[in-house]
Structures are given as C-alpha cells and as structure tokens.
Q: 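Let me begin by handing over the structure; questions about it come next.
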Amino acid sequence: MITTRNKWVPYLFLLPGVLLFLAVGVYSVGFSILLSFYNWSGIDFSTARFEGLANFKQFLLGDDPIVTQNFYNSLLHNVLIGAAQVVIVIPIAIVLAFVLQNTKMASLYRTVYFLPMIASGVAIFYVWKGLFEPTGAFNSLFHAIGLDFLTVPGGMLGSSSTSLIGIIITSIWGGLPGTLILYYAGLTSIDPTLYEAANVDGASKLTMITKITWPLLKPITLIAVIQMVNGAFQAFENVFIMTGGGPSGSSEVIGTLVYRTAFLNNDYGLASAIGWISFLITGAIAMFSIRSFKVDI
Amino acid sequence: MKRKATLMVTMLSVLCLFVSACSGGQKQEGGSSAEGSKHLTMWTWKVAYTPGIEAAAKLYEEKTGVKVDVETFTPDDTYRQKFQAAANSKNLPDVVNWWATAGDSIEGSVLELSGEVGDDVLSKYYGTAMDPIKVTQSQVDSWQKDKNATTVQKSLKAGQFYGLPLDIGGFFTFYGNKQLIEKAGLTAEAPKTWEEFVTMMETIKSKTGTPGLVFGAKTSDLWENWAGSALAIMYGGPQSYIDLLERKAKMSDPEHLPVVQAVQTLADKDLLMPGILSTDIDGADQAFAAGKAAFDLGGSFTMSTLLAMGMKPEDIVTFPVPPIDGSKITSWTTDPFTLTMLSVNKDSKNKDAALDFIKYMTTDPDAAVAFANAAYTVPALNLGDRAKDLDPNLKAIVDSFATEPGPYSEAQPAINAYRGKNKEWEVYAQSIQSMIEKKMTAEQAAKKFDDTMKSLQASGN
C-alpha cells in the first residue's frame, strides 16, 4: 500500500532506468544534434569548430556540389528501396499470411518464412553476394531456362544498372518476415463471427475481403508501411557488404554515405547533419502515411 | 527514521553502481600497467604484422627488460573507431601503429616528434621514408585555404611529424600467372610497354579463354592509386601530374587523355575479369590465385598474400606498371613509400620508454629483420648489408626498389595534399568504374573530371 511516507519509493526504482536513458539515449542523441553544427574529426571535442548551418548547406543547398549530388543520389535510392518494399512486400505478406492461417503445415511454413529474421545478416548477405556473381545461381538459372536476356555478364552487383535491383531483392527478402508476422497476427485477431454474418447475408469471398478483412487490416498495413520505410532509410548492412555503394555510386544509400563521411573521411559534423535530415525525412513520410491511411494507432 | 536511512543507502548504492558501470574505470584499456616503465602496451590493425611486432618486442625485452604487449584490432575501419573512442576517453595504449600520413587527425592524441628525434635516427631510414609522415609546406598551405579542413589540420606546421616509419612498400606492381602465360605460347617476361601488355592479355584470352586482368575494382579509387598515377607520371612526367592535382591542367589535355584511354582499352577489349566491379582487393588476389585471371594488380605486399593462398614464387612473374607508348619516362622503378608508422601516446605515463621502443623497433637492424621476416613486409630501415638476412622473397622485393627518390616521390606531396581533398578525383574514380562497364568513354570521363573541377572551383571547394 502506498502511503504518503513512501510514495516516492516507486520513483526510486525507476531512477536507474531513467538515468540510463538520460546517459545513453538523450546524451547521444543530443550530442549528435550538437555535432551537426560543428566541423569535427572525431577525436577530442575541444578541437571541434562551430560552423553553424554550414554542414546542412553543404549537402542541401549545393555548397559542395559533390556532397549534394551524393546525398540526393543516396536519398533517391533509399526512397526506391522503400517504395519497392511497400509495393512488393505487402501483397506477398498478405497472401502468405492467408496461407499460414489456412494450411495444415503452418508451423513448417512459419519456420521457412521467418528464417531471414533469425539468420545472421552478415553471413546471409555474403551468400546473396555469391548468388549474384557472374557465375552465381541467378545467372546460371536464367541461362539454364533460356532467359539469357536476364543474365548480367558482370553479375547483378557488378553493374551500375542492376546493383540497386540486387539490393532491393535482398531488402524485400529481409523485410518480408516482419510484415508477415504483423499480417498473420492481424488475420488471426479478426473475429470469425464477422465472416459468418457476412456469409449469412450472402456476401461473396471478394466482398468479405474488401469489406471486412482489408479495413480491419488497415492499422496493420500502416504499421507495416512505416516499419518498411523506416527500414529502407536505415539500410546499411546489405549495401555495405554486397556493393559498398557502387559501382559508380549506383547503390549508395544514406547509411553508407554517413558511414563513409564519418569513419573514412573523418567528417563527423557533416555525417551527423546528413543523418538528422534523413531522420526528419523518415518522420515526415511516417506522418504522411498516418494521414493517408486515416487511422489512429 | 531507520527505514528512511535504509532507503537512502539503497538509493546511493544504486547511483554508485550506475556511475561505476558507466565510467571507463581507472585501469586504461590499452594503457600502462602498474609496473610502469617495465611494461608497454601497443595497438595495431595489421593481423599479419602482429608476429613481426612480437618478434621485435621480444628482442627489446631481452635487451631492456621492458615487455611490450601487442593487441590487434581489425579490420581498418574498426581500428579507426577503436582509436577514436580510446583517444576521446584517454585510454590509448603507449604505442600506436598507424597509417603513414600527416593530417589524419590523430595529431591531437600522439606525441609530436620533431623535437625528440634527430637526424641521427632519421638518416637511418630509406631516403623517402619520412615523406608521407612529415608535414609539408604545401599541405599547410592547402589546409589553411580549405574551409572544410579540421582544426587539427589547420594547427599543423611544416616539418612536424607524429610517427616513425615502420615499413615501406610500393604499389604499381602486376603479378602474372606464369603457367597461363606460357600456355598461351608467350614468354613469361615483363612487357616493355602498356600496349605490349595489352597484346599479351589479348593473346592469353584468345588462347586459354582466361581473362587478362583482375584488381579490386569495387574500391573505386584503387585503379588511380595503384596503377593510373604511375601511368600518368610516366606519360607526362611528374610535374604534369602535379599540375593536374593542383588544378593547373585538364584531364582532357593531350598529356593526360591517353592515361584515361588505357582503362577504356581494357574494357573495350574485354580483358577484365567478369564481375570485377564487385570484387574487392582480397577477392581479386583470390581470383588470381585460383587462375581466374592471368594478371593481378597489387603492391609489394601482395606477394605474401598470394603465397599464403598457395601460390609458389616460381609460378609468379612480377613487373612494374609498363609505360604507355610515347611516355616521357620509359621504365618505372618502384619508388617505395612508407606504409605504416609507430606513434607514442602523448598522455602515456611511459612516454620515454615508448619513444625508446619505437626508435629501437624502427632503427635496430636485428629488430627490423625479425619484424620483416615474421610480418613479411619490408622495413623502413635501410638495412644495407643486413638485407641478406631477409627472407629471399623479401630480399627480391627490396632489390627491386629504387635506391634514390624517383618520380613518384616528386609527385607524392601533391598527391597527399590534393587527391583526397579535391573531389573531382572521387568523381573520376566513379567514371573509371563506368568505363569498365563500357558506359562511358575516356573522352567523357575526362570531360566529367574537368567539368567537376570547374564547378568545384566556382563554388569555392
């Protein structure tokens, strides 16, 4: 029982968590914001030089044409990855969720579908890299089934025309399980009496899907879209391992650009500024998605 | 009252635990031990160097009683981040192995040595060994003018240096598969010109079906760093390349365009290994060792990798980048330059011992030989007669090095000052990848370089 004498005890127990959050969460985020206004090489903050908005002007307003070009190029690639994920993953995830819900071998399929979630990204992306090589599985398969026009002689990742496609394929593969879980949970939570009532009223299967299933899955779809867009803007691991952003910058994303700027060019201020703008863009897209779907979450 | 006191003690304990968990602690991660001068700590990122450093450190311990503990953190990026984190928390080890460079922003954390190390030490190294380490006037001028230069770079003065050279090497080396060359009916000898080299690769491809060349083209600037600059320096002379770096010339000028065309020739004639643009440096060496390409582009350090991959020295023919027909310099002597250096943590409690150790490691012939043979790299120390104690393959590499500063040394200060800073080179590196894909001609790549240079100059970059 909480009395006036010990009412502050619960706060005492919260204190370690709050302090941890302040030290790790707020401090690092705050420092990163601060950093975006400085020129700093990464060692000894006393050597940092305040630059105001110069870092932002460098890549947003074209003060440095190359950095600007790299930023917008990377941003476009992130948008393409996100758009492709949303357009391709959502229909596939819905279909697979239906299959999972209605098949007797659900546990087997679940294991197969959820494999990307539990497998080590680094190891898996090296495997993908091998599949995309000139003599890898994709080219061999296309050649074997007579679809030679689909083969890429230099390998899918070795051509600036197809490297981003390779990245998108792996992003779709990686993004599917999470979305599938959401839809599977969404489908199983729909009250079956709704379908029974619709059936009694003579509704067709299509009507049931469009009038019952889809509206009830709308909040799930919104979460899936936000999750995928967020994931697309955080893309790094697959790009870094498979292409390094190349060839000729054809698969560069914000993540690899930030990495290169901070850790290879030692420009932590510019890297932080790019990171924050990327965060704001992701937030804006999430807000836009919420408004578009007109749902409360 | 008693209950309040208990709660207060609990709260304080939680706070103490939290603070202690967050603190770096008193014991430095890589720092000195309580034994003080009897114990030094050192970091490197070169896995292959660790046995060499340990071999030299053992000799040092026998001589002085000071033990050196070596820790290795790899790969490169991880090591850089480890160094930065440790430097910020004042947890650096006594000695640090670092890339031989100046202005890499470690200068705030390591000891400036120009007042500590005199010519008696510096004269023992190869003539050009200090070049990339010592800050030059041209670098100082460049950083002062550069609005994006860091505060550390702007604070540096000409003549300062923050490390002593550990090992030297050279890029600009082609490795050839002797068996494949001979299978194509050719003699496994170094080609005299670039054109002869291209013909060799064409013959090998037509006779054996094996692609001519592989290199780590996934790293966009590798071609320029390891071959292109040598072709350019030979074709127009070092000053011509310096002019291009200093933006006093254009890539489309007749003195530079043939160098760009050399890459286009490789692509047009399909001489490059398929998938080369997704091949990194290690992947290229592996492909060459597996017989997937007749030639591999590398440096003096590549031989050890190839031998580790199972190749035998007698299976390999090596030669420097051959000159393009009509070049002003008709043969390339591999001008060695310093690869890595040793620096002393400026906050080390064992500064004197650490400085003594890096002097010993870089100038004592026994230490240098022990290091070189175990690390399979050429020491920066001019070994003179003691070179005979090197592993025979290393000795062969040493013999191939120029003994006097050559054309690359002449261009190197400008390369160090401008090629990383001037972003037209970043664009050019990507254009080379486009040429390899046959999506760009040499003329287009040169024009793009020139246009970028102009636009960067106009925007004050």
Side-chain angles (χ1 to χ4, degrees), chain A residues 5-6 8-9 12-13 15-16 19-20 23-24 39-49 51 54 58 62-67 69-70 129 132-136 152-161 163 166 242-250 259 262-268 270, chain B residues 3-4 7 10-11 14-15 17-19 21-22 76-77 80-81 83-84 87-88 104-109 147-155 217-220 272-280 420 423-424 426-427 429-434 436-437 439-440 452 455-456 458-461:
Chain A
R5 283 186 65 194
N6 62 5
W8 51 277
V9 172
L12 185 66
F13 287 102
L15 193 63
L19 286 175
L20 193 69
V24 179
N39 171 310
W40 187 48
S41 60
I43 300 171
D44 186 3
F45 196 67
S46 68
T47 62
R49 192 173 64 239
E51 296 272 330
Q58 242 191 94
D63 273 12
D64 186 324
I66 304 303
V67 178
Q69 186 186 312
N70 289 344
K129 196 174 176 227
F132 287 133
E133 276 184 359
T135 52
V152 186
M156 196 180 274
L157 304 177
S159 161
S160 58
S161 312
S163 62
M242 297 201 304
T243 65
S248 310
S250 59
Y259 180 87
F263 299 118
L264 301 183
N265 300 344
N266 292 332
D267 196 342
Y268 284 76
L270 180 60
Chain B
R3 192 169 171 175
K4 232 178 189 176
L7 280 169
T10 313
M11 194 171 82
V14 168
L15 269 172
L17 275 171
F18 180 77
V19 169
C22 290
D76 303 19
D77 299 359
R80 281 181 180 277
Q81 289 162 38
F83 179 93
Q84 285 174 346
N88 284 324
D104 201 16
S105 298
I106 66 161
E107 287 81 0
S109 308
K147 63 181 181 184
N148 294 326
T150 63
T151 306
V152 175
Q153 286 171 330
K154 283 180 186 287
S155 71
K218 185 180 172 186
T219 307
S220 59
L272 298 167
M273 188 188 82
I276 193 169
L277 287 175
S278 56
T279 305
D280 54 22
K423 292 201 175 77
E424 61 268 27
E426 184 183 324
V427 172
Q430 293 194 344
S431 297
I432 285 176
Q433 291 186 323
S434 296
I436 290 172
E437 282 193 82
K439 285 185 175 166
M440 198 180 250
T452 308
S455 124
L456 284 166
S459 58
N461 288 285

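Every value quoted in this text rests on a predicted model; they were computed, and no experiment measured them. Protein chains get the first letters and strands the later ones, always in sequence-line order, with residue 1 at the start of each.
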Q: Can you tell me which portion of B:Asp77 sits under 4.5 Å from chain A's heavy atoms? Options are side chain, backbone, both or neither.
A: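 Backbone plus side chain of B:Asp77, per the 4.5 Å heavy-atom cut-off to chain A.
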Q: I need the residue from B:Leu272, B:Leu277, B:Asp76 with the largest number of non-hydrogen atom pairs under 4.5 Å to chain A.
A: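 Of the candidates given, the most pairs with chain A belong to B:Leu277.
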Q: Identify the heavy atoms of A:Gly42 and B:Asn88 that sit nearest to each other, and give their distance.
A: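 That would be O-ND2, 2.9 Å.
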Q: Where is the tightest heavy-atom contact between A:Asn266 and B:Gln84, given as atom of each residue plus distance?
A: OD1-NE2, 3.3 Å
Q: Measure the spacing between CD of B:Glu424 and CD1 of A:Ile66 and express it to the nearest 0.5 Å.
A: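 The CD atom of B:Glu424 sits 8.0 Å away from the CD1 atom of A:Ile66.
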Q: State, yes or no, whether a side-chain contact exists between A:Asp44 and B:Ser109 at a heavy-atom distance under 4.5 Å.
A: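 A:Asp44 does not reach B:Ser109 side chain to side chain.
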Q: If we define contacts as heavy-atom pairs under 4.5 Å, which of A:Asp63, A:Asn70, A:Asp64, A:Leu270 has the most with chain B?
A: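 Heavy-atom pairs under 4.5 Å are most numerous for A:Asp64.
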Q: Between B:Gly108, B:Ala149, B:Ala458, B:Ser155, which residue shows the highest count of heavy-atom pairs closer than 4.5 Å to chain A?
A: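 Of B:Gly108, B:Ala149, B:Ala458, B:Ser155, B:Ala149 has the most heavy-atom pairs under 4.5 Å with chain A.
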Q: At a heavy-atom distance under 4.5 Å, which candidate from A:Phe45, A:Tyr268, A:Phe132 has the highest pair count against chain B?
A: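 Between A:Phe45, A:Tyr268, A:Phe132, the count favours A:Tyr268.
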Q: So which heavy atom on A:Ile43 is nearest to which on B:Ser105, and how close?
A: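 Nearest heavy atoms, A:Ile43 then B:Ser105: CD1-O, 3.4 Å.
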Q: With chain B, which of A:Asp267, A:Val67, A:Val152, A:Asn39 has the greatest number of heavy-atom pairs at distances under 4.5 Å?
A: A:Asn39
Q: If you look at every heavy atom in B:Val152 and A:Ser41, which pair is closest and at what distance?
A: CG2-OG, 4.4 Å
Q: Only pairs of heavy atoms separated by less than 4.5 Å count here; which of B:Gln153, B:Lys147, B:Glu426, B:Gln81 has the most with chain A?
A: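 Ranked by contacts with chain A, first place is B:Gln81.
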Q: What option among A:Thr243, A:Leu157, A:Asn265 has the most heavy-atom pairs under 4.5 Å with chain B?
A: A:Thr243
Q: Distance from A:Ser250 atom OG to B:Glu437 atom CD, nearest 0.5 Å?
A: 7.0 Å
Q: Looking just at side-chain N and O atoms, do A:Ser248 and B:Lys439 make a donor-acceptor pair shorter than 3.5 Å?
A: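 No donor-acceptor contact under 3.5 Å links the two side chains.
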Q: For the candidates A:Gly154, A:Pro247, A:Pro134, which exhibits the highest count of non-hydrogen atom pairs separated by less than 4.5 Å from chain B?
A: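 If we count pairs closer than 4.5 Å to chain B, A:Pro247 comes out on top.
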Q: With a 4.5 Å cut-off on side-chain heavy atoms, are A:Gln69 and B:Val427 touching?
A: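 Counting from C-beta outward, B:Val427 and A:Gln69 never come under 4.5 Å.
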Q: Taking every heavy-atom pair that is under 4.5 Å apart, which of A:Ser159, A:Ser46, A:Ser163 has the most such pairs with chain B?
A: A:Ser159
Q: Less than 4.5 Å to any heavy atom of chain A: does that hold for the side chain of B:Thr219, its backbone, both, or neither?
A: neither
Q: Which value, rounded to the nearest 0.5 Å, describes the distance between B:Ser278 atom OG and A:Met242 atom CE?
A: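 So the OG of B:Ser278 and the CE of A:Met242 are separated by 10.5 Å.
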